[in-house]
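This one's a predicted model, so the numbers in the text were calculated from it and none came from an experiment.
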Amino acid sequence: MAKKRCLLIVDLQNDFCPGGALAVTGGDEIIAPVNRIMSRFDLVVASRDMHPRGSRHFEKWPVHCVRGSRGADFHPDLTIAAVDCFLEKGTSLEDDGYSDFESTNLDLAAFLREQAVEELFVCGLATDYCVKETVLDALRHGFATIVIEDCVRAVDLHPGDGRRALATMRERGAAIVASAGLAL
Ligand code: VGL
């Protein structure tokens with residue numbers, strides 16, 4: 001029998017897309033391929049950064065993804081109707097919430113085990129922060145983890161951060177694939 005596969009969409013929010021408060025170059029380019037592949041998974045989970053105003057996180061970053069703001073909404077082109085489960089993270093004043101496994105509304109690791117997920121595919125924003133931390137946590141939890149390379153984009157605060165993040169994920173055991181190669 002085919003393996004049970006989950007697609008995890010990390011923070012495809014307005015503020016991380018061009019025009020947003022912490023825009024990732026080409027962040028909106030991943031929406032079309034993400035929409036295209038969603039139906040190929042047994043389960044689709046999407047996370048959002050959901051920071052309170054005054055969060056310690058904003059000592060490090062421009063104010064972004066504030067709960068209730070348009071910037072915190074999913075990008076309007078993302079096919080939300082195909083998402084089975086929503087995560088929120090970074091919800092407290094102290095909490096960076098880079099990893100989806102730090103979700104505060106659901107224990108993601110327990111949920112994935114309950115659902116008997118055998119392969120966790122990860123896409124979204126941004127490669128060098130939330131995607132990377134999510135993937136490293138997934139590997140720590142023992143999930144077979146696959147990054148969809150054309151469905152992630154990096155902040156690249158320092159040139160090459162995204163490339164190095166992908167290399168680190170691969171070294172720790174993640175597979176890196178292209179969306180075009182995903183079996184129907
Ligand atoms: C992120 C920087 C700051 C991300 C979140 O979603 O990758 N990056 N906060």
Side-chain angles (χ1 to χ4, degrees), residues 5-37 41 44-51 55-65 71-72 74-75 78 87-90 94-103 108-109 112 117 119-182:
R5 309 197 305 182
C6 174
L7 178 66
L8 189 55
I9 306 169
V10 178
D11 303 357
L12 235 181
Q13 292 167 270
N14 287 322
D15 269 344
F16 294 124
C17 289
L22 184 42
V24 173
T25 305
D28 55 342
E29 293 168 4
I30 70 172
I31 299 165
V34 169
N35 284 341
R36 229 172 359 249
I37 62 175
F41 294 87
V44 179
V45 177
S47 69
R48 276 191 296 174
D49 261 1
M50 200 57 89
H51 298 299
S55 168
R56 291 264 297 270
H57 187 61
F58 300 146
E59 291 168 13
K60 295 170 240 179
W61 297 101
V63 174
H64 63 278
C65 299
F74 288 109
H75 190 286
L78 181 67
L87 306 178
E88 291 187 357
K89 62 196 179 68
E94 310 291 328
D95 176 9
D96 286 315
Y98 290 121
S99 166
D100 277 13
F101 287 87
E102 295 170 48
S103 155
L108 177 60
L112 295 174
V117 167
E119 290 182 326
L120 184 63
F121 288 74
V122 183
C123 62
L125 305 172
T127 318
D128 34 358
Y129 294 94
C130 290
V131 169
K132 177 183 165 194
E133 295 309 322
T134 297
V135 166
L136 297 185
D137 271 352
L139 293 165
R140 281 180 202 113
H141 281 287
F143 294 106
T145 309
I146 301 108
V147 183
I148 308 171
E149 192 170 9
D150 55 311
C151 293
V152 296
R153 289 290 185 279
V155 175
D156 274 341
L157 215 49
H158 311 284
D161 279 354
R163 191 170 32 78
R164 282 187 290 273
L166 280 169
T168 302
M169 292 185 258
R170 191 185 287 115
E171 277 160 26
R172 303 272 183 93
I176 315 284
V177 301
S179 66
L182 295 175

Open item on the list: Between Leu157 and Trp61, does the side-chain contact (heavy atoms from CB on, under 4.5 Å) criterion hold? Intermediate values first, please.
Closed with: CA-CA 11 Å; Leu157 215 49; Trp61 297 101; 4.2 Å; yes

Task: Derivation and outcome, side-chain contact (heavy atoms from CB on, under 4.5 Å), residues Arg164 and His158 - done: CA-CA 10 Å; Arg164 282 187 290 273; His158 311 284; 4.2 Å; yes

TODO: Show your reasoning for whether side-chain contact (heavy atoms from CB on, under 4.5 Å) applies to Leu112 and Phe101.
DONE: CA-CA 11 Å; Leu112 295 174; Phe101 287 87; 4.1 Å; yes

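Across Ile146 and Glu119, no two heavy atoms sit closer than the pair CD1-CB, 3.9 Å. Annotation for Gly26 and Pro18: closest pair N-CG, 4.4 Å, computed over non-hydrogen atoms. Listed here is the closest heavy atom pair of Asp96 and His51: O-CE1, 3.5 Å. The minimum heavy-atom distance between Arg48 and Ala72, with the atom names listed, is CD-O, 3.1 Å. Taking each heavy atom of Val135 and Ala174 in turn, the nearest pair found is CG1-CB, 3.9 Å. Nearest approach of Cys6 to Phe41, heavy atoms of both residues: C-CD2, 3.8 Å.
Taken from OG in Ser99 to NZ in Lys132, the straight-line distance is 12.0 Å, to the nearest 0.5 Å. Interatomic distance, SG of Cys17 versus CG of Leu125, reported as 5.5 Å (0.5 Å rounding). In this structure, Leu120 CG and Arg5 CZ are separated by 11.5 Å, a value rounded to the nearest 0.5 Å. For the atom pair OH of Tyr129 and CZ of Phe16, the computed distance is 11.0 Å after rounding to the nearest 0.5 Å. The CG atom of Leu108 lies 9.0 Å from the OG atom of Ser47; values are rounded to the nearest 0.5 Å. Taken to the nearest 0.5 Å, the SG atom of Cys130 stands 8.5 Å off from the CD atom of Gln13.
Using a 4.0 Å cut-off between a side-chain N of Lys or Arg and a carboxylate O of Asp or Glu, Asp49 and Lys89 qualify as a salt bridge.
With hydrogens and angles disregarded, a donor-acceptor distance shorter than 3.5 Å links the side chain of Asp128 to the backbone of Val155. Judged by distance alone, with hydrogens and angles left aside, the side-chain atoms of Asp95 form a donor-acceptor pair with the main-chain N or O of Gly97 at under 3.5 Å. Checking side-chain atoms of Glu149 against main-chain N and O of Ala178 turns up no donor-acceptor pair under 3.5 Å. For Asp15 (side chain) and Gly20 (main-chain N/O), no donor-acceptor pair under 3.5 Å exists by modelled atom type. Side-chain atoms of Thr127 never come within 3.5 Å of backbone atoms of Gly162 as a donor-acceptor pair (strictly under, hydrogens ignored).
No option in Asn35, Ile9, Leu12 other than Leu12 meets the side chain to side chain contact (heavy atoms under 4.5 Å, CB included) test with Ile30.
Within the 4.5 Å cutoff, the side chain of Leu7 has heavy atoms near those of the Ile148 side chain.
In Arg140, the CZ atom is crowded: over 12 heavy atoms of neighbouring residues, nucleotides or ligands sit closer than 6.0 Å.
Ring planes of His64 and Phe58: perpendicular class, angle over 60° (limits at 30 and 60°).
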